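A quick note: this is a predicted structure, and the numbers were derived from the prediction, not measured.
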Amino acid sequence: MPELPEVEVTRLSFAERITGARILAVRLGKPLRWPLGGEPASLYGLTVTAVRRRGKYLLLDLSSGQLLLVHLGMSGSLSFALALPAAGTHDHFDLVTTHGTLRLHDPRRFGAVVLTDGASSDRALKLLGRLGVEPLGDEFGLAEFHAGLKKRNVSIKQVLLAGEVVVGVGNIYASEALFLAGIRPATKASRISLARAARLREAIRDVLARAVATGGSTLRNFSSADGQAGHFQLEAMVYGRAGEPCRQCGSPIRQLRQGQRSTFFCGVCQR
DNA sequence: AAAAGCCCCTGGATGC
DNA sequence: TGCATCCAGGGGCTTT
């Protein structure tokens, strides 16, 4: 479910409210992708000092200097409230604090909650160390982006998904951004010209920023930690529309598979 | 070193 | 209705 916009909307929905809260208890459900990596009870009494985001990871800074990483995987979502219902079968992590309980609901359990000894710890570096640049920040420069693409001998779609050049672009927004930029997904990343890289960079920023602004839309059923549903204001131009007419030129949207993932594009608008 | 494939898991949609 | 099959928004790990 969640790409950068959904993770960011989730972060915004509870970051302020949980900041300054003291951890009272931790409840674990079924195993997630990785073990927590520490004793739950060791968190008791610590304060959540900030909630940040890096790529699709949420980072909860703790007063001990530790970093609690939360990843939503494919099907994860967070809720945060003073009183939550009894944990259901797919509620696999509760962080009970003085300001409310943060709960991870994740049917497929590709998500994770990992306790690390700070940003420079081995565990944090292993998970975050290879991540590319943040697409919505000032550091997402054209020259660096183009240089990053030049080094890769795979399709541009797969480079975007890998997250080593730029983070946060998942399977939906990769297709959408490439449509906006007029670039075929199968184009080798190394063959993208500077001018086209510039268009793609703008397209990525545009589609992600709009999705954040509309509360994580495009998606079937995304809702943030305060229960607000996405507004569906951004209609997908190509994603999930195989065989349907292109909204721009009317020709049928095409679908292909790249690295076990579906890609959608318009063969006329994208060259 | 980079690229390709595998795999974790559950649920919903589709087809017979 | 029941059952099998396919597909799903992620990404680390292993193999080539």
Closest to the A/V154 side chain, choosing from B/dC9, B/dA3, B/dG11: B/dA3

Value in whole Å for how far the C1' atom of B/dA3 lies from NZ of A/K188: 10 Å

Cation over ring face, A/R184 and A/F265, 6.0 Å, 45°: no

Touch class at under 4.0 angstrom, heavy-atom based, for A/R261 against every strand present: base

Sugar-phosphate, base or nothing in reach of A/D106, heavy atoms under 4.0 Å: nothing

Test side-chain contact (heavy atoms from CB on, under 4.5 Å) applied to A/L95 and A/L60, A/T101, A/L24, the passing residue: A/L60

Gap between atoms CH2 and P, on A/W34 and B/dC9 respectively (whole Å): 14 Å

d(NZ, A/K157; C1', B/dA3) in whole Å: 16 Å

First encountered from the 5' end of DNA chain C, between A/G170 and A/R123: A/G170

Between B/dC7 (P) and A/L32 (CG): distance, integer Å: 21 Å

Short side-chain N/O contact from A/H90 to OP1 or OP2 of B/dG11, under 4.0 Å: yes

Residues in ring-ring contact (aromatic ring centres under 6.0 Å, His included) contact with A/Y57, at least two apart in sequence or another chain: A/H71

Pair partner, C/dG9 [Watson-Crick or wobble, under 3.5 Å]: none

Centroid distance under 5.5 Å and plane angle under 30°, A/F110 vs C/dG11: no

A/R199/A/E202 salt bridge by N-O under 4.0 Å criterion: no

Euclidean distance, atom CD of residue A/Q158 to atom P of B/dA3 [Å, nearest integer]: 10 Å

Proximal nucleotide (of B/dA4, C/dG11, C/dA8) relative to the A/K56 side chain: C/dG11

Which nucleotide in B/dT10, C/dC13, C/dG9 has an atom nearest any side-chain atom of A/K126: C/dC13

d(CE, A/M74; P, C/dC7) in whole Å: 13 Å

Listed nucleotide nearest any side-chain atom of A/R257, set C/dG12, C/dA8, B/dA3: C/dA8

Atom P, compared across B/dC6 and C/dC6: separation rounded to whole Å: 15 Å

Nearest-Å distance for atom pair CD1/C1', residues A/I172 and C/dG10: 12 Å

Sugar-phosphate only, base, or nothing, as touched by A/R109 at under 4.0 Å among non-hydrogen atoms: sugar-phosphate

Nearest-neighbour nucleotide for the A/Q260 side chain, C/dG10, C/dA8, B/dG5 considered: B/dG5

Distance test, side-chain N/O of A/S75 to OP1/OP2 of B/dG11, below 4.0 Å: no

Nearest to side-chain heavy atoms of A/Y239, which nucleotide of C/dG12, B/dT10, C/dG9: C/dG9

Nearest-neighbour nucleotide for the A/L161 side chain, C/dG10, C/dA8, C/dG12 considered: C/dG10

Any A/H71 side-chain N or O less than 4.0 Å from OP1/OP2 of C/dG11: yes

Minimum-distance nucleotide (side-chain atoms of A/R152 versus C/dG11, C/dG9, B/dA3): B/dA3

DNA chain B: 5'-proximal contact among A/T89 and A/R33 (nearest heavy atom): A/R33

Candidates A/K30, A/R27, A/H105 - the one meeting side-chain hydrogen bond (donor to acceptor under 3.5 Å, both in side chains) with A/D91: A/H105

Whole-Å gap separating P (C/dG12) and CD (A/E164): 9 Å

Phosphate-side-chain proximity, A/Y173 and C/dG10, N/O vs OP1/OP2 below 4.0 Å: no

No-hydrogen, no-angle side-chain donor-acceptor test under 3.5 Å, A/R257 and A/T263: no

Ion pair A/R210/A/D206, N-O distance below 4.0 Å: yes

Sugar-phosphate, base or nothing in reach of A/R130, heavy atoms under 4.0 Å: nothing

